[in-house]
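Just so it is clear: chains get the letters A, B, ... in the order the sequence lines come, proteins before strands, and each one is counted from 1.
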Protein chains: 2
Amino acid sequence: MHPNFIKHINKYIELDDNTIEVLNKYIKPITYKKKEFLLKEGQICRSIYFVVKGCLRMFFINDKRTEQITQFALENWWISDFFSFMDNKPSEYFIQTVEKSEILSIDALSLEAMLKELPQMERYLRIIMQRAVAASQLRIKYVHQLSKEEFYIHFCTSFPEFVQRVPQYMIASYLGLTPEYVSELRKKNL
Amino acid sequence: MHPNFIKHINKYIELDDNTIEVLNKYIKPITYKKKEFLLKEGQICRSIYFVVKGCLRMFFINDKRTEQITQFALENWWISDFFSFMDNKPSEYFIQTVEKSEILSIDALSLEAMLKELPQMERYLRIIMQRAVAASQLRIKYVHQLSKEEFYIHFCTSFPEFVQRVPQYMIASYLGLTPEYVSELRKKNL
DNA sequence: CGCGACGTTGATTTGCCTCAACGATTGTGG
DNA sequence: CCACAATCGTTGAGGCAAATCAACGTCGCG
């Protein structure tokens, strides 16, 4: 199975060979090309997704008919529309590959079955979710304490390799800026 | 023990009498008066807090030396600085009661011991954290799709009882508005 | 009563957006 | 292998939502 995935779980809980084998039953690996959709607005988000390799983005269409990116997912990140996933409500989001990507997916029923058979995975997911909450807290803090200019600079210096990897207008959208303004900022800040 | 807390856990997992008794060993109830601090900037956030009754706010001091509220916690909500809690790093936040409050707290060591003795609680916490992630996703979406005016109106219509309960300037801070602007909005919108 | 906490009002300023037009680069079908 | 269209980024003029600043009203409470 996917060694990166195993390694990731193993960072948080003990894994034996049998567990890995059982896990295998429930996890579905899929390879996507660039710009393929894993979820479209109106659909119920039936799975959570783990990025083994590649990059996903999550976005919605706002009132001005433009794409508003709310999240990226890189290697070793989970992504989903959790409201849609938990309550079986139609999603207002799209999830799409930014580049060719290897994804592991697990749907709600498989997840429940897996957790019943491997209750130790509850702990893994609890820790993952807790870290996601911590990340959200940090993001909210930055939004409130930094100006848009500072926010952009902070992002670029924090994730220089990522900024290379995705188009500028996606960074702009994620940070809540217009592409034009980002252009202005780049000129100003060398 | 605190029936609201038991009821809350019971919404997500099965609880027997023995489990409740064990839980009791690890949970520490404290009653706070209005405006007391559970956490101050620079301290390590050693516990997670469950609000049985009352209201907490979490905030930091920004560059302009004003309080910036990032979260509220009402009845049946958990709150903590999870980065500080998980990694034992000094917090940049304050957590303070908005009104007289009954709080249950559990520190990191007790939590680990409790989860070892009651592994079924991993599931409860996993679900709670998952819901917190979903709530964060929703909040980020609102921030991006609504103007400040729309955001304020949306908040007031979504939580009318809450708006009565806390001072206006705290709502303003939480939403990222100035008190002056909120004042203007209230006049305009009846 | 008097002070501090909270809310309001109006004048002024500004950070960032909007709109429109124009390069540069990429990729794709003929 | 070129033509032509998308796609992506840049530039500049003009506008507006929301902040800032300063001053004043009001209420509750010690």
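A salt bridge does not link Glu184(A) to Lys148(A): none of the charged side-chain nitrogens sits closer than 4.0 Å to a carboxylate oxygen.
Between Tyr152(A) atom OH and dG15(C) atom P there is a gap of 19 Å when expressed in whole angstrom units. Counting to the nearest Å, the C1' atom of dC29(D) and the NZ atom of Lys35(B) are 12 Å from each other. One interatomic measurement links the two molecules: OH of Tyr169(A) to C1' of dA6(D), which rounds to 12 Å at whole-angstrom precision. One interatomic measurement links the two molecules: CG of Leu185(B) to P of dA17(D), which rounds to 12 Å at whole-angstrom precision.
Side-chain atoms of Ser91(A) and Asp81(A) form a donor-acceptor pair, as typed in the model, at a separation below 3.5 Å.
Each of dT10(D), dA19(D), dC17(C) was ranked by its minimum atom distance to the side chain of Tyr181(A); first place goes to dC17(C). Of the candidates dT8(C), dC8(D), dC16(C), dT8(C) carries the atom nearest the Gln168(B) side chain, counting heavy atoms from C-beta on. Picking from dT11(D), dG9(D), dT8(C) the nucleotide with the shortest atom distance to the side chain of Ser183(B) gives dT8(C). When distances are taken from the side chain of Arg186(B) to each of dG9(D), dT8(C), dC6(C), the shortest belongs to dT8(C).
When heavy atoms are screened at a 4.0 angstrom cut-off, Glu180(A) is found touching base atoms of the nucleic acid.
Not one side-chain nitrogen or oxygen of Lys187(A) sits closer than 4.0 Å to the OP1 or OP2 atom of dG9(D). For the OP1/OP2 pair of dT18(C) and a distance below 4.0 Å, the side-chain nitrogens and oxygens of Lys64(A) include at least one atom meeting the criterion.
Between Tyr124(B) and Phe5(B), the ring planes are perpendicular. Angles over 60° get that label, and only those under 30° would be called parallel.
Geometric assessment of Arg139(A) against the ring of Tyr142(A) yields a negative cation-pi assignment under the 6.0 Å and 45° thresholds.
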